[in-house]
Amino acid sequence: MKKNNNNALHIYDSVQKQKLPFESIIPRKASIYICGPTVYDDAHLGHARSSLSFDLLARTLKALRYEVTVAKNFTDIDDKIIKKVQETGQSLEEITNHYITSYKKEMNALGVIDADIEPKATQSLEAMESLINNLIEKDIAYVVSSGDVYFDTSKDANYGSISHQVADDEENQSRVEHNAEKRNPKDFALWKACGSEQEICFETSFSKGRPGWHLECSAMIEKHFEGTDEYSIDIHAGGADLLFPHHENEAAQSRCATGHELSKYWIHNGFVNINGEKMSKSLGNSFFIKDALKVYDGEILRNYLISIHYRNDFNFNEEDLLNSKKRLDKLYRLKKRVTPTKASKPNIKFQQAIMRAMSDDLNISVALATIEEMISTSNDKLDENPKDKGLKKETLANIEFLDALLGLGGKEPFSYFQIGIDEKTKNTIEALIEARNSAKIEKDYEKSDAIRDEISAMGIEIMDTAEGTVWEKV
RNA sequence: GGAGCCAUCGCCAAGUUGGUAAGGCCGUAGAUUGCAAAUCUGCUAUUCACCAGUUCGAGUCUGGUUGGCUCCUCCA
């Protein structure tokens with residue numbers, strides 16, 4: 001028998017560890033908060049992966065006609081940023097603005113749609129201060145002699161419910177930050193008072209200092225989302241490494257401050273390894289997006305980075321990247337065949353199949369297989385009937401649908417294959433192709449093959465199609 | 001030490017409530033083409049790390065073994 005006509009979105013919740021039907025806290029609206037970067041350095045592949053994962057989520061929700069609000073924060077106050085300020089002599093704003101700008105630019109190059117709200121920690125200090133005061137009044141937070149403010153984890157009966165990590169043994173306690181004044185070993189800092197030498201700190205009713213990392217997100221969520229009596233937002237997203245302690249602590253603060261849970265769903269993306277090794281600066285294999293973009297077009301990187309399910313670990317290597325590029329090439333070759341024309345409506349069955357796949361916790365593999373099928377079928381039909389206008393219009397509409405949902409196939413197809421070739425070279429190639437075609441008409445195959453060799457020596461591949469001779473950069 | 005994840009064709013990778021292994025790359029045979037490329041068609045895992053169990057039936061459930069990995073400390 002048929003399975004349920006269950007096209008409704010299901011997402012995997014890291015807290016309950018299972019796929020759950022997505023039911024937004026406010027009908028037809030979806031609120032997503034993504035833990036964004038700490039802006040002390042350039043964005044690396046891991047940032048891209050996270051960004052891309054939740055970009056797909058947002059696009060899928062939009063395609064399902066949800067009114068989506070995405071917030072992604074920038075942590076612009078933090079020890080590492082302060083260190084950079086001291087090292088470079090630049091101001092905090094100079095440094096953070098620089099990295100925020102380049103982060104956004106690079107993510108846009110990867111086709112990531114900007115978040116609707118992009119709060120900065122330094123712009124949310126009032127919300128943080130009132131959150132802390134709220135907790136101090138309830139005696140859930142406490143100030144120690146240095147001025148630091150800690151969260152009393154023993155006051156939250158549900159502490160541990162997010163990550164299921166209950167670290168009680170002594171082995172663990174020894175690894176946690178030491179402070180004799182802490183009530184419990186697990187207590188974490190909500191606010192760090194500034195040392196005597198430190199210049200970057202903010203005045204509050206409890207002490208002069210700066211916010212703890214976990215606090216920022218809680219405060220920003222409360223500030224920017226209305227929520228309901230049960231939850232502040234629908235989905236809280238971030239990297240798998242943030243589940244503990246970051247999200248655990250966020251959830252605890254918010255729960256105690258507001259009396260309800262922070263987020264209905266929690267989702268986490270997997271990590272990026274480079275050639276089988278964990279990507280890290282100490283291993284020297286860290287990979288900045290800006291460097292990758294010098295070699296590969298953003299869409300090619302996007303196509304590769306989204307091709308593996310967001311919860312799996314991603315093993316980045318050039319061979320796989322080139323393989324995945326072949327899939328994109330096929331999509332664009334098809335687009336070439338139907339250009340120019342005006343798109344009509346996408347094929348309903350195709351559209352539904354893709355939406356069904358993406359609704360199943362963003363099953364990109366099934367979506368890609370569906371695309372392959374569409375490409376193959378369309379090419380087949382085009383072979384049979386190269387001038388079928390209705391088919392061309394529908395095919396183009398299919399591709400435009402993919403562009404909106406997955407961010408793939410949006411370029412003008414001829415330029416896609418000519419990325420990085422300058423006008424002068426283009427003219428040379430066109431002239432050579434013309435010369436070759438003349439030779440072919442005269443059946444001077446020796447000459448035409450010689451010209452083809454000359455063209456391929458330039459790194460260009462040519463194809464004689466029903467629609468004429470076309471060329472691609474290899 | 002504690003918490004958890006993963007292991008499917010040469011490579012990448014799907015596989016919700018168990019029912020008899022998607023798709024891509026590569027390879028190969030053919031159609032088409034002056035040739036090549038592109039495009040299309042066919043073929044390519046009796047089998048899912050290993051062992052045992054539950055079941056009429058298991059890649060999918062249970063127990064164990066082996067081998068990778070992550071978190072518990074800043075981290076997407």
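- For the pair A/K186 and A/Y159, the cation-pi criterion (under 6.0 Å, within 45° of the ring axis) is not fulfilled.
- If you take CG of A/L243 and P of B/U73, they are 13 Å apart, rounded to a whole angstrom.
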Practice task
Could you please spell out the steps behind the side chain to side chain donor-acceptor pair (under 3.5 Å) verdict for A/N323 and A/Y304?
Solution key: CA-CA 9 Å; A/N323 279 347; A/Y304 176 45; over 6 Å; no
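- Across the strands present, B/U47 finds no partner; the criterion is a Watson-Crick or G-U wobble pair with both atom distances under 3.5 angstrom.
- Residue A/H309 has its side chain nearest to B/A14 when only B/G23, B/A14, B/C40 are considered.
- Rounded to whole Å, the distance from NZ on A/K335 to C1' on B/A38 is 19 Å.
- Nearest to the side-chain atoms of A/K19 among the listed nucleotides B/C40, B/A13, B/U16 stands B/U16.
- Atom NZ in A/K330 sits roughly 16 Å away from atom P in B/A37 (whole-Å rounding).
- Among the protein residues, A/G239 comes within range of the sugar-phosphate backbone only, with heavy atoms under 4.0 Å from sugar or phosphate atoms but none that close to a base.
- Proximity note for A/K17 (side chain, C-beta onward) versus B/C40, B/C71, B/G4: the nearest is B/G4.
- Contact check, A/N363 against B/A14: no side-chain N or O comes under 4.0 Å of OP1 or OP2.
- For the pair A/S14 (side chain) and A/W266 (backbone), a donor-acceptor distance under 3.5 Å is present.
- Closest to the A/A369 side chain, of the nucleotides B/A38, B/A22, B/G24, is B/A22.
- Comparing B/G18 with B/U54, their C1' atoms are spaced 11 Å from each other, to the whole Å.
- For A/R337, no side-chain nitrogen or oxygen approaches OP1 or OP2 of B/U39 to under 4.0 Å.
- Nucleic acid contact for A/I364: none, since no nucleic acid atom lies under 4.0 Å from a heavy atom of the residue.
- Ion pairing between A/K104 and A/E118 holds under the 4.0 Å rule for side-chain N and carboxylate O.
- When both pairing distances are held under 3.5 Å, B/G4 makes a Watson-Crick or G-U pair with B/C69.
- Nucleic acid contact class of A/V272 (heavy atoms, under 4.0 Å, all strands): base.
- Pair assignment for B/A38: none, as no Watson-Crick or G-U wobble contacts are both less than 3.5 Å.
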Exercise for the section: Take nucleotides 26-34 of chain B nucleotide by nucleotide from the 5' end and write B, S or -, depending on whether a protein heavy atom sits under 4.0 Å from the base, only from the sugar-phosphate, or from neither. Expected result: S-------B
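- Across all strands, A/L242 comes closer than 4.0 Å only to sugar-phosphate atoms, never to a base (heavy-atom distances).
- Each of A/M463 and A/E373 was matched to the nucleotide of RNA chain B holding its nearest heavy atom; the match closer to the 5' end belongs to A/E373.
- Taking side-chain N and O atoms only, A/K381 has no distance below 4.0 Å to OP1 or OP2 of B/U39.
- Comparing B/A13, B/C71, B/U39 by their nearest atom to the side chain of A/D241 picks out B/C71.
- Here the C1' atom of nucleotide B/A38 and the CG atom of A/N379 are 9 Å apart, to the nearest Å.
- For the pair A/L331 CG and B/A38 C1', the computed distance is 15 Å after rounding to whole Å.
- A salt bridge does not link A/D114 to A/K72: none of the charged nitrogens lies less than 4.0 Å from a carboxylate oxygen.
- Nearest heavy atoms, A/S218 versus A/Q253: OG-OE1, 2.8 Å.
- Under the Watson-Crick and G-U wobble criteria, each requiring two contacts below 3.5 Å, nucleotide B/A52 is paired to B/U62.
- With distances taken from any side-chain atom of A/E319 to the nucleotides B/G24, B/A13, B/C11, the minimum falls on B/C11.
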Exercise for the section: Take A/N184 and A/D152 through the side chain to side chain donor-acceptor pair (under 3.5 Å) test and state the conclusion after the steps. Expected result: CA-CA 7 Å; A/N184 312 288; A/D152 185 344; 2.6 Å; yes
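- Straight-line distance from the CG atom of A/L305 to the P atom of B/A13: 13 Å, rounded to whole Å.
- Between the OG1 atom in A/T122 and the CD1 atom in A/I77 there is a gap of 7.5 Å [rounded to 0.5 Å].
- Here A/S50 lies in heavy-atom contact (under 4.0 Å) with sugar-phosphate atoms only.
- Take the nearest nucleotide of RNA chain B for A/E461 and for A/S307: the residue whose nucleotide is more 5' is A/S307.
- Nucleotides B/C9 and B/A3 place their P atoms 31 Å apart, quoted to the nearest Å.
- The gap from the C1' atom of B/U47 to that of B/G57 amounts to 16 Å, rounded to the nearest Å.
- If you measure from atom CD1 of A/I289 to atom C1' of B/A76, you get 11 Å, rounded to the nearest angstrom.
- B/A22 and B/C48: their C1' atoms are spaced 14 Å apart (whole Å).
- With salt bridges taken as basic N to acidic carboxylate O contacts below 4.0 Å, one links A/E372 and A/K330.
- Going from the C1' atom of B/C26 to that of B/U62 covers 39 Å, rounded to whole Å.
- When both distances must be under 3.5 Å, the Watson-Crick or G-U wobble mate of B/G57 does not exist.
- Taking atom C1' in both B/C71 and B/A76, the straight-line distance is 14 Å, to the nearest Å.
- Judged by distance alone, with hydrogens and angles left aside, the side-chain atoms of A/E412 form a donor-acceptor pair with the main-chain N or O of A/S415 at under 3.5 Å.
- Centroid-to-centroid, the aromatic rings of A/Y265 and A/H236 stay 6.0 Å apart or farther.
- Counting any heavy atom pair closer than 4.0 Å across all strands shown, A/H268 reaches no nucleic acid atom.
- For the OP1/OP2 pair of B/G24 and a distance below 4.0 Å, the side-chain nitrogens and oxygens of A/S376 include no atom meeting the criterion.
- Residue A/F244 has its side chain nearest to B/C71 when only B/U39, B/C74, B/C71 are considered.
- If you take CG of A/D360 and C1' of B/G15, they are 10 Å apart, rounded to a whole angstrom.
- Only the C1' atoms considered, B/U16 is 15 Å distant from B/G59, to the nearest whole Å.
- Comparing the same atom, P, in B/C25 and in B/G42 gives a spacing of 14 Å after rounding to whole Å.
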